[in-house]
Asker: 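Please find one structure pasted underneath; my questions will follow.
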Amino acid sequence: MRISIDTPDDFDFLECVNAHGWRSLLPFCWDTEPKVLERIEEFGDGNAALLTIRGSNGKLDVDAHGSAPEQDVVRRVKIMFQLDLDIARFYTYCAKQPALCHIPQLRQGRILRSPSLFEDAVKVIATTNTTWSRTKGMVARIVESFGTPLPGDAARRAFPRPDQIASVTLEEFSEKARLGYRNASVHRIATDIVEGRLDLESWRDSEITSQDLYKRLLSLPGIGPYAASCLMIYLGRYERVNVDSWARMMVGKELGRSVTDKEAHAFFEPYGEWKALVYHFYRWRESAPEF
DNA sequence: TTCCAGGGGTAGA
DNA sequence: TCTACCCATGGA
């Protein structure tokens, strides 16, 4: 089944896929040539399907191999590529500043994300205090140990649902996922969702203020200021910079001394409501890890 | 052996 | 609000 999904004029497939390392984390699989993004996705019926996604003029062509309801495929692809995100105001802002005017020219701004906040939260936790190669390993072990396999190819699996993680003990999860001290955080988030104490997907609601959303994200185990700010970006909220070791280093160089997180935040204050997006694309242009 | 990576949690000041 | 310390992991 092929589904064509119209994309906004200010959308660029490659810029979105390359906006950060998510394309290299299972169940995404990026093929540089011929520039195809694959993803194993489960649609709630216990069967996984392979999606292959290509960008072409004004649309995304999605081939679904396996059981995949069309409406659900469209909904999830729109989330992954942030197709409903209105970034016109961001482009207007960038166009006025010489240092940022390349952003609208390149049609940067949208960042590949996961169809669920649960998956993004787990992946962000797996990026904290570790190297990128280890992040890939952690995510791969979660997918390969707990995800629904693709029919006929058990080696390829979807990202596990919360109940697939919560169905095993913390000890078993830790043994298979090997996330170090992060094991308990991921297992508890999954368990809280399954037992009805947490409804992460409802946090996508635009009625929730950014301040409230940030507080909610911080309340999750394993999610601190850095991880919460990353997730805010994926949800289209850019008021908080995800200050990391690179940001501290970069601001420190500018100021000629070591800086506190507060000083790093203050450095990006002039970029107002867009500061996190400005930092994100600056950081990836200057120093993208090998992904 | 020690350090470090796209930090987080906690105690104590 | 800030600082110090500890928290697995595994490659360099």
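Below, each value reflects all heavy atoms present in this structure, side chains not excepted, and no hydrogens, waters or symmetry copies.
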Asker: Figure out the CG/P separation between A:L218 and B:dG7, and round it to whole Å.
Answerer: 16 Å
Asker: Between A:A227 and A:T130, who's closer to the 5' end of DNA chain B by nearest nucleotide?
Answerer: A:T130
Asker: For C:dC2 and A:K262 - does any side-chain N or O of the residue sit under 4.0 Å from the phosphate oxygens OP1/OP2?
Answerer: yes
Asker: I need the CE-C1' distance between A:M232 and B:dG6, as an integer number of Å.
Answerer: 18 Å
Asker: With sugar-phosphate meaning primed atoms plus P, OP1 and OP2, does A:R178 contact a base, only sugar-phosphate, or nothing at under 4.0 Å between heavy atoms?
Answerer: sugar-phosphate
Asker: A:Y181 OH to B:dC4 P: how many Å, rounded?
Answerer: 16 Å
Asker: Nearest whole Å is fine: how far is B:dG7 C1' from A:L220 CG?
Answerer: 15 Å
Asker: Among B:dG8, B:dA5, C:dT3, which nucleotide sits nearest the side chain of A:T128?
Answerer: B:dG8
Asker: Could you state the interatomic distance from CZ (A:F43) to CG (A:D72), rounded to the nearest 0.5 Å?
Answerer: 6.0 Å
Asker: Between A:E38 and A:T52, is there a side-chain donor-acceptor contact under 3.5 Å, judged purely by atom types and distance?
Answerer: no
Asker: Go through the N and O atoms of the side chain of A:Y226 and the base of B:dG6, and report whether any donor-acceptor pair is under 3.5 Å.
Answerer: yes
Asker: I'd like to know if the side chain of A:Y226 pairs up with that of A:N129 as donor and acceptor (distance under 3.5 Å, no hydrogens or angles considered).
Answerer: no
Asker: Calculate the interatomic distance between A:M249 atom CE and B:dC4 atom C1'; express it in whole Å.
Answerer: 14 Å
Asker: From the list C:dG10, C:dA8, B:dG6, which nucleotide is the closest neighbour of the side chain of A:N129?
Answerer: C:dA8
Asker: Which nucleotide, C:dT9, C:dA8, C:dT3, lies nearest any side-chain atom of A:R134?
Answerer: C:dT9
Asker: Identify which nucleotide among B:dG8, C:dT3, B:dG6 has an atom closest to any side-chain atom of A:T260, counting heavy atoms from C-beta outward.
Answerer: C:dT3
Asker: Give the rounded distance in Å between these two atoms: CG of A:L179 and C1' of B:dG9.
Answerer: 17 Å
Asker: Ignoring the backbone of A:D244, work out which of B:dG6, C:dT3, C:dA8 is nearest its side chain.
Answerer: B:dG6
Asker: Within the 4.5 Å heavy-atom criterion, are A:P27 and A:R156 side-chain neighbours or not?
Answerer: no
Asker: Taking atom P in both C:dA4 and B:dG6, compute the distance separating them and give it to the nearest angstrom.
Answerer: 23 Å
Asker: If you assign A:N242 and A:G222 each to the DNA chain B nucleotide with the nearest heavy atom, which residue ends up on the more 5' nucleotide?
Answerer: A:N242
Asker: For A:R182 and B:dG8, give me the distance from atom CZ to atom P, rounded to whole Å.
Answerer: 10 Å
Asker: Distance check needed: B:dG6 C1' versus A:I111 CD1, whole Å only.
Answerer: 13 Å
Asker: Side-chain contact test, heavy atoms from C-beta onward, threshold under 4.5 Å: evaluate it for A:L25 versus A:K136 and give yes or no.
Answerer: yes
